[in-house]
Amino acid sequence: MIHPTPRLRFAPSPTGPLHLGGARTAMYNWAAARAMGGTFLLRIEDTDQARSTDASLQIILAGLRWLGIDWDEGPEKGGDFGPYFQMQRLELYAAAAQRLLAEGKAYPCYCTTEEIEAGREAMKAEKTGFYGYNGRCRNLTAAERAAFEQQGRKANIRFRMPEARVMNVHDLILGDVEVNTKELDDWVMIRPDGVPLYNFACVIDDIGMKITHVVRGNEHFQNGHKQRLLFEALGAECPLYAHIPLILNKDGKKLSKRDADTNMLDYRDKGFPPEAVFNYIALLGWGFSGDRDLFTRQEMVEAFKIENIGKSGSKFDEEKLRWMCGEYMRRWTPAQCVQQARPWLEQVVPAGAFATHGAWLQNVIACFQERVALYSEFDSKIGWLFGETVVMDEAAQKNLAKDPAGPAWLRGYADVLEGANLPPSYPRDRSAADRAVGLPSKKDAPAPACAFDTPAQIEVRTRAFTEQLGIKFGNFVHPVRAALTGTDKGPGLFDVVFLLGKETAVARLRAAAGR
RNA sequence: GUCCCGGUCGUCUAGUCCGGCCUAGGACCCCAGAUUUUCAUUCUGGUAACACGGGUUCGAAUCCCGUCCGGGAUACCA
């Protein structure tokens, strides 16, 4: 090993957003670097000037940051092996090309696009099975070159591939594969304008940046062969390659940048917890262990081995992703949830409430953590806590009308609650109650010391009331929940009463009872 | 066309390298049940796979060959 420190890179081209496949490639490189105690760097392959944009670059960087993938060298970081943008490395490519030209390992090609295409068609017609560049300029004499130059033709620089050489390439994932160079044509290294093409710039940079391991999509497998030959021509040792299988869309096709919903930032904007997305993507082609699906970034790093990446493609399953989001959502503390969900919560929570009613909001959110998967789903479920009046949905209206005695129950219950020692209602200060009682209430939890009635105490009063009424609790609870929340879903009834507080609970019960 | 890679429940996968512990394990989804004041959570149970055909072997998901299917590459994109 000539390079003692493992160095891995993610080399996106800023021609579109960071999509799922790119994120996973970045993640595997990152994890491998971290696992081996090496360096992870970002190199921007911006040689496609027509399609590269700074906006795309920013989106890619934001996507990586959102997933928690950090880099040691590259944009915004610098490093000793820069520049990290290929368009700033043009002289490096030119120098390498000159050297190869001088050594006869590359040659200028004067063919026009049309001529190349015609050559390809001719090879197709021959039905040899192979078609590519026909090598017309491979052995031009000095005089012929001069003649082309005289005509004003600009030259591409092509790499002179060895003819019909069988080489054995080793891939960390695919194993040993035999390839014959006759299947590969003389490829273009540099365009007439001096801008290099992928295969060339990639190798020059991998050498310059001392890359030791390359983990990339399987679509680059054949490119790898061309690149190995270039390393050889340059007298450099090539990195270890690992070609990972593609992520497929629902139709089993390669996931492309043009597929909708593949921009990482879309997941952020839709309220997905990044930790869950990270975890899910990691699982697309790699297994933590036979019996565990959930793991942290740190745990992944500790367990990660390039060799354990799978060989077959995988389809993206949004349902499992959602499930995983829910798993993570339940693990956060309520405070973390409030903070993470805040951009969405602000749709329904009055701005000042975050400062004045922090403890209360945490209790509200805590009651819904097991009922949502995304941060964006809280706001549509907690609106009933704020409005002056309750908006009844269809199920609630039905529950309200179910029993003719309902209004009487509600009135009576309102009286019970009025006489109880409930916490005050928002927007009054109720922090003492919310700090003392952590919701949602759990069966076997020890009774908290609280100056107000706890959900458990509210339950005692409530059950006593239904007994007094001589009705089943199960019948009583539905209209009450409807009156209080306007729906037939939600947290336990006593948590609901506690959260609502005295004034609001009483008012709503009386309003629903028609006074 | 040619070259290359892949193929375990519907999906993600463990097992494959070093055949027997695999009457193939886990997870998502789905179904049933339990708990329960609703929803959700949780718990229990269930349906469901070694692509196919030949070998080799006492024994194959695991090794070999063929077939089929899927994917990738074949650019002056990356």
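Being a predicted model, the structure only gives us computed values, none of them experimental. Heavy atoms only: backbone and side chains are in, while hydrogens, waters and symmetry mates are out. To find a chain, count down the sequence lines: A is the first, B the second, and so on, and within it residues start at 1.
Here A/I190 lies out of heavy-atom contact (under 4.0 Å) with every strand. Heavy atoms of A/H225 sit nowhere under 4.0 angstrom from any nucleic acid atom. If you check every strand for non-hydrogen atoms under 4.0 Å, A/F221 touches sugar and phosphate atoms only. Within the 4.0 angstrom heavy-atom criterion, only backbone atoms of the sugar-phosphate kind lie near A/S314; the bases stay farther away. Among the heavy atoms of the strands, none lies under 4.0 Å from A/R322. Among the heavy atoms of the strands lying under 4.0 Å from A/G285 are primed sugar atoms or P, OP1, OP2 only; no base atom is included. The residue A/N156 sits close to a base: some heavy atom pair falls under 4.0 Å. Nucleic acid contact for A/R43: none, since no nucleic acid atom lies under 4.0 Å from a heavy atom of the residue. A/D488 comes within contact range of at least one nucleobase, with a heavy-atom separation under 4.0 Å. Within the nucleic acid shown, A/T181 has no heavy atom closer than 4.0 Å to any nucleic acid atom. When heavy atoms are screened at a 4.0 angstrom cut-off, A/T47 is found touching the sugar-phosphate backbone but no base atom. Using a 4.0 Å heavy-atom cutoff across all strands shown, A/N223 reaches at least one base atom of the nucleic acid. Among the heavy atoms of the strands, none lies under 4.0 Å from A/R216. Residue-level contact check: A/P491 touches the bases, meaning some heavy atom is under 4.0 Å from a base atom.
Shown here, B/rC3 forms a base pair with B/rG72; the pair counts as Watson-Crick or G-U wobble because both key distances fall under 3.5 Å. Under the Watson-Crick or G-U wobble criterion, with both distances below 3.5 Å, B/rA27 is paired with B/rU11. Base pairing of B/rU16 is not made with any nucleotide, judged by Watson-Crick or G-U wobble geometry with both donor-acceptor distances under 3.5 Å. In a base pair of the Watson-Crick type (N1 to N3 plus N6-O4 or O6-N4) or a G-U wobble (N1-O2 and O6-N3), with each distance short of 3.5 Å, B/rA32 is matched with B/rU44. The pairing partner recorded for B/rA51 is B/rU67, the criterion being a Watson-Crick or G-U wobble arrangement whose two distances lie under 3.5 angstrom.
For A/R481 against B/rU37, a side-chain-to-base donor-acceptor contact under 3.5 Å is present.
The phosphate of B/rA75 (OP1 or OP2) has no side-chain N or O of A/R191 nearer than 4.0 angstrom. Residue A/K320 places none of its side-chain N or O atoms closer than 4.0 Å to OP1 or OP2 of B/rA27. Neither OP1 nor OP2 of B/rU13 sits under 4.0 Å from any side-chain N or O of A/R292. Between A/S312 and B/rG71, a side-chain N or O to OP1/OP2 separation shorter than 4.0 Å is absent.
Here the rule is ring pair (Phe, Tyr, Trp, His ring centres under 6.0 Å) with A/F272, and of A/Y280, A/Y375, A/Y267 only A/Y267 fits it.
Residue-to-nucleotide proximity on RNA chain B shows that, of A/P196 and A/G132, the 5′-proximal contact is made by A/G132. Comparing A/E45 and A/W286 against RNA chain B, the residue whose closest nucleotide sits nearer the 5' end is A/W286.
Taking the C1' atom of each, B/rU36 and B/rU42 are spaced 11 Å apart, rounded to whole Å. Taking atom P in both B/rG26 and B/rU44, one finds a spacing of 12 Å when rounded to whole Å. If you take atom C1' in B/rA14 and the same atom in B/rC22, they sit 11 Å apart, rounded to whole Å. Going from the P atom of B/rU23 to that of B/rU67 covers 31 Å, rounded to whole Å. For the C1' atoms, the distance from B/rC17 to B/rA32 is 42 Å, rounded to whole Å. Here the separation of B/rU57 from B/rU16, taken at their P atoms, is 24 Å to the nearest Å. For B/rC18 and B/rC77, the C1' atoms lie 44 Å apart once the distance is rounded to whole Å. Between the C1' atoms of B/rG46 and B/rC3, the separation comes to 47 Å (whole Å).
Side-chain proximity of A/D48 to the nucleotides B/rA27, B/rC77, B/rC12 is greatest for B/rC77. When distances run from any side-chain atom of A/Y131 to the nucleotides B/rC76, B/rG1, B/rU2, the shortest one goes to B/rG1. Taking the side chain of A/L197 as heavy atoms from C-beta on, and the options B/rU37, B/rA78, B/rA40, the nearest nucleotide is B/rA78. Of the candidate nucleotides B/rG72, B/rC12, B/rU37, B/rU37 has the atom lying nearest to any side-chain atom of A/R463. Listed nucleotides: B/rC76, B/rC5, B/rG10. Nearest to the side chain of A/R120: B/rC76. Of all nucleotides listed (B/rU38, B/rU42, B/rG72), B/rU42 comes nearest to the side chain of A/E327. Counting only heavy atoms from C-beta on, A/R330 has its side chain closest to B/rU42 among B/rA78, B/rU38, B/rU42. Side chain of A/Q222, nearest nucleotide from B/rG72, B/rA78, B/rU74: B/rG72. For A/W323, whose side chain is taken as the heavy atoms from C-beta onward, the closest listed nucleotide among B/rC5, B/rC29, B/rC3 is B/rC29. Relative to the side chain of A/F494, the nucleotides B/rU37, B/rC4, B/rU41 differ in distance, and B/rU37 lies closest.
The aromatic ring centres of A/W71 and A/Y84 sit 6.0 Å or more apart. Ring to ring, A/Y241 and A/F221 are not that close: their centroids are 6.0 angstrom or more apart.
Within a 6.0 Å radius of NZ in A/K226, more than 12 heavy atoms belonging to other residues, nucleotides or ligands are found.
A salt bridge is defined here as a Lys NZ or Arg NE, NH1 or NH2 lying under 4.0 Å from an Asp or Glu carboxylate O, and A/E319 with A/R322 fails to meet this definition.
Side chain of A/E299 to backbone of A/T296: a donor-acceptor contact under 3.5 angstrom is found.
Using a 3.5 Å distance cut-off with no hydrogens or angles, the side chains of A/N279 and A/Y328 do pair a donor with an acceptor. In this structure, a donor-acceptor pair under 3.5 Å is absent between the side chains of A/Y110 and A/Q151. Between A/D186 and A/Y107, the side chains place a donor N or O and an acceptor N or O closer than 3.5 Å (distance only, hydrogens not considered).
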